[in-house]
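What follows is a short report on a single structure.
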Amino acid sequence: MQNYINRDKIYVENIGEHDGKTVTLYGWLYNKRVKGKLAFLLLRDGTGIIQCVMGKNDVSEEVFERADKVTQESSIMITGTVHADQRAPGGYEMHVQDFEIISLAQEYPITPKEHGTTFLMDHRHLWHRSKKQNAILRIRHTIIKAIRDFFDKDGFTLIDAPVFTPAACEGTTTLFETDYFDTKAYLTQSGQLYMEAAAMAFGKVYCFGPTFRAEKSKTRRHLTEFWMVEPEVAFMDLEGDMDLAEAFVAYIVQRVLESNQEQLKVIERDVSKLEAVVPPFPRIHYDEAAKILADNGSEFVFGDDFGAADETIISNQFDKPVMVHRYPAAVKAFYMKNDPENPERALCVDMLAPEGYGEIIGGGQREDDLETLLRKIREHDLPESSFQWYLDLRRYGSVPHAGFGLGIERTVAWICGLHHVRETIPFARLMHRLYP
RNA sequence: UCCCGAGUAGCUCAAUCGGCAGAGCGGGUGGCUGUUAACCACUAGGUUGUAGGUUCGAGUCCUACCUCGGGAGCCA
C-alpha cells in the first residue's frame, strides 16, 4: 500500500486544470461498463467522478484484463491523458494508459439499482460514497462553515456548553440519563442557560454542539442526537433577536447558493425556492397565525402550540421563512420573558421554514427579573436549588438579553429539500437506530 | 405511549378467488470499440420474520409475538 501514497495528488474536482496533460488519479471504482474491446471505468475520489476510457489496443493485455475483473468500489489508480469531451459525464474524461487495482473489493452491497432506506441506513458507512449522500454532507459542511463565519465576523465568541448536565434544564423533554460516579447526569438538551451566563461575560456568544432528546419520536423531523447552534446576546430584545435570526438564515442560504451549485444539481433541488430567501422575512403575531389556521380549516385550538400540520399551513402562506412571535406564555418554557404589553404572552419567536419543513428556530427574550424568574421556576415545579447559578445572573447585573437555537439537521433538510432528517447527519441516531 | 402500514432470493419487488414461489438488478460464464443505472444470451441463488391455528391444500385467511417504516404527542 505504501506505493500508493502521493502527497501531490490531483483531484477530480480540479481536473479541468489538467486538460491535455497526463496525470495519475487515485480513488475507487464507482461503476464500469465493459464493452468488448472498450472499457469505461468511472473513478470516484471523493471530490467527483470521472469517466476513464480504455481501448484494448491502447494498453497491455494484462491491464485490460484488470478492467474486466475489477469490482465496484475497488480502490484503484489510473494514469492517463485528460480530454474535454461532451459525451463524458462531468465534461472531462481520461484516456487510460495504465491502471492498477490497489485493493480488489468484495461484492459491494449497494448496487447501482434501487434500495430501501432501512437497507441503506444499515450501510450508512458505505452509503456516504453515493453521489447524493456525498452532495448532502458537503452542503451540511457549507452550512456549518457559514454559521461559524456569520457569528465570528460579527464579534461573537464561541463558548462551548457542557454535554453532561446535572438536571433537567427545561423540565419538558425526556433526557438520556447516565451514571456519573455516584450520582446521575443527563445529556444536554440545550446549551442555552449556559449561554446566558456566557453572554453576561462576553456580550455576544454562541455555542455549537450536539444535543440529546430521549423522546420516543418517530417522525421524519426527529433525531435523538442532533446538532444545534445557540447564539445569545446581552442588551438585545425580541425585535433584535428576530433581526439576527433573519440575517443569519439568509446568510446561510446565500452561502450554499454560492458554494454548492453542483451539489444542489445532484440532489435536484429547486434553486429558485432558495433564491427567494432574502430579508425581510414575514413576522406575524401568534394571533395572526391562529387566524390563518382558522381560515384554512385547521382543528387548532386557540391558546395551544401549533401542531406539525398547522406549521405547514402557516409556512405555505409564504415563500420565505416566517417568524411567528408572542405565543401564549403557558405553552413556552419558564425562562421566556412575558410581554409587558400583554403578560399572557411570551416574548418568543419560532421560525418556520418554507415548504412544510417546520420549525428550524426557537428563541426569544429571556426573563431578566429575579423575582419573576423565581416565581416561574416555582410555578413550573422545578428544583430551585439546581437553578441558583442561573438566578445569580439576575442577582449580579441583570440586563435584557435574547437568543435562539437553530437545528442544523432540519436546516439541512430544508435547504436540500429532503424528505427526512436522517440523511442530513453522517451517522443518524434514531429511536430504532444505534448502528452503524 | 397511542394509531396506521410492511416483513417473499444478496438488493428492489411481483405472485389474480386459498391451487406448481417469479422478474429485474447484483454474482458466475460467453459476446460486443462510445457506453451513460449500457446491452444480448445462458447460469446459480428460497426454512415466504417467528410460533401456533383453520383447510385436501396457506406467501395468501385467523391469533399471538418479534422487527422495521410512517404519523400523533413533544420538540430543533
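Throughout, a chain's letter reflects where its sequence line sits, starting with A, and its residues are numbered from 1.
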* What interatomic distance, in whole Å, is found between P of B:C3 and the corresponding atom of B:G18? -> 28 Å
* Asked: What is the nucleic acid contact for A:E230, judged by heavy atoms within less than 4.0 Å: base, sugar-phosphate only, or nothing?
  -> nothing
* Structure fact -> Sorted by chain and number, sequence neighbours left out, side-chain hydrogen bond (donor to acceptor under 3.5 Å, both in side chains) with A:T71 holds for A:S74
* Asked: What does A:A308 touch in the nucleic acid at a heavy-atom separation under 4.0 angstrom: a base, only the sugar-phosphate, or nothing?
  -> sugar-phosphate
* **A:F281/A:F318 aromatic ring centres below 6.0 Å** => no
* Sugar-phosphate, base or nothing in reach of A:V34, heavy atoms under 4.0 Å -> base
* Asked: Any salt bridge between A:K56 and A:D68, counting N to O under 4.0 Å?
  -> no
* **Distance, rounded to the nearest Å, where A:K216 contributes NZ and B:G70 contributes P** => 17 Å
* Asked: For atom P, what is the distance between B:C68 and B:U63, given to the nearest Å?
  -> 23 Å
* Asked: What does A:R433 touch in the nucleic acid at a heavy-atom separation under 4.0 angstrom: a base, only the sugar-phosphate, or nothing?
  -> nothing
* To do: Inspect the contact between A:D295 and A:K291 and indicate whether a charged nitrogen and a carboxylate oxygen are less than 4.0 angstrom apart.
  => yes
* **Sugar-phosphate only, base, or nothing, as touched by A:D350 at under 4.0 Å among non-hydrogen atoms** => nothing
* Asked: Does any N or O donor sit under 3.5 Å from an N or O acceptor when you compare the side chain of A:Q72 with the base of B:G27?
  -> no
* Structure fact -> The dot-bracket string of RNA chain B, counting Watson-Crick and G-U wobble pairs with both distances under 3.5 Å, using [ ] for crossing pairs and | for pairs to another strand, is (((((((..((((.....[..)))).(((((.......))))).....(((((..]....))))))))))))....
* **Length of the line joining A:L120:CG and B:C25:P, which is rounded to integer Å** => 19 Å
* Asked: So does A:E311 pair up with A:R410, basic N to acidic O under 4.0 Å?
  -> no
* Which nucleotide sits closest to the side chain of A:H222: B:G34, B:G70, B:C74? -> B:C74
* Asked: When rounded to the nearest Å, what value does the distance between C1' atoms of B:G28 and B:G10 take?
  -> 14 Å
* **Nearest to side-chain heavy atoms of A:T219, which nucleotide of B:A72, B:U35, B:A76** => B:A72
* To do: Between B:C68, B:G34, B:C74, spot the one nearest the side chain of A:R221, thanks.
  => B:C74
* Just call it for A:E409: base, sugar-phosphate, or nothing, with non-hydrogen atoms closer than 4.0 Å on any strand. => nothing
* Structure fact -> Closest to the side chain of A:R220, out of B:G71, B:U12, B:C75, is B:G71
* **Check ion pair A:R138-A:E262 (N to O, under 4.0 angstrom)** => no
* **Under-4.0 Å salt bridge between A:E239 and A:R283** => yes
* Asked: Which listed nucleotide (B:G34, B:G71, B:A76) is nearest to the side chain of A:H95?
  -> B:G34
* To do: Evaluate whether atom OH of A:Y251 has more than 12 neighbouring non-hydrogen atoms of other residues, nucleotides or ligands under 6.0 angstrom away.
  => yes
* Asked: At under 4.0 Å between heavy atoms, what does A:G116 touch on the DNA or RNA strands: base, sugar-phosphate, or nothing?
  -> sugar-phosphate
* To do: Considering only atom C1', compute the distance from B:G19 to B:G26 and round it to an integer number of Å.
  => 32 Å
* Asked: NA contact type, A:H420, heavy-atom cut-off 4.0 Å: base, sugar-phosphate, or nothing?
  -> sugar-phosphate
* For A:T118, which contact category applies under a 4.0 Å heavy-atom criterion: base, sugar-phosphate, or nothing? -> sugar-phosphate
* Structure fact -> Closest to the side chain of A:L223, out of B:U1, B:A76, B:U35, is B:A76
* B:G73, B:G70, B:C32: which one has an atom nearest the side-chain heavy atoms of A:K218? -> B:G70
* **Atom-to-atom span, NE2 of A:H123 to P of B:G26 - whole angstrom** => 17 Å
* Asked: Between A:H115 and A:E107, which has a closest nucleotide on RNA chain B that is more 5'?
  -> A:H115
* Could you give the CZ-to-C1' distance, from A:R422 to B:G69, as a whole number of Å? -> 8 Å
* To do: Select base, sugar-phosphate, or nothing to describe what A:G307 touches, counting heavy atoms under 4.0 Å on all strands.
  => sugar-phosphate
* Which nucleotide sits closest to the side chain of A:F226: B:A76, B:G69, B:G26? -> B:A76
* Asked: Reckon A:K35 has a side-chain N or O less than 4.0 Å from the OP1 or OP2 of B:G34?
  -> yes
* To do: May I ask you to verify if any side-chain N or O of A:K37 is less than 4.0 angstrom from the OP1 or OP2 atom of B:U33?
  => yes
* Structure fact -> From CG of A:D68 across to C1' of B:U35 the rounded distance in Å is 15 Å
* To do: Using only heavy-atom distances, determine whether the side chains of A:E196 and A:Y335 contain a donor-acceptor pair under 3.5 Å.
  => no
* To do: For nucleotides B:U55 and B:C13, find the distance between their P atoms and express it as a whole number of Å.
  => 35 Å
* In whole angstroms, how far is the P atom of B:A37 from the CD1 atom of A:I110? -> 18 Å
* Would you say the base of B:C74 and the side-chain of A:S217 have a donor-acceptor pair closer than 3.5 Å? -> yes
* Asked: Among the nucleotides B:A76, B:C11, B:G34, which one has an atom lying closest to any side-chain atom of A:D85?
  -> B:G34
* Any Lys/Arg nitrogen of A:K132 or A:E268 sitting under 4.0 Å from an Asp/Glu carboxylate oxygen of the other? -> no
* When the distance from CG of A:D304 to P of B:G73 is rounded to whole Å, what number comes out? -> 10 Å
* Between B:G7 and B:U50, how far is it from one P atom to the other, in whole Å? -> 13 Å
* Output field: ring centroids A:Y206/A:F248 closer than 6.0 Å -> no
* So what does A:F119 hit on the nucleic acid, given a heavy-atom distance under 4.0 Å: a base, only sugar-phosphate, or nothing? -> sugar-phosphate
* Nearest-nucleotide 5' precedence on RNA chain B, A:H419 against A:E311 -> A:H419
* A:N31 CG to B:G26 C1': how many Å, rounded? -> 11 Å
* **Candidates B:C74, B:A76, B:C68 - which lies nearest the side chain of A:R410** => B:A76
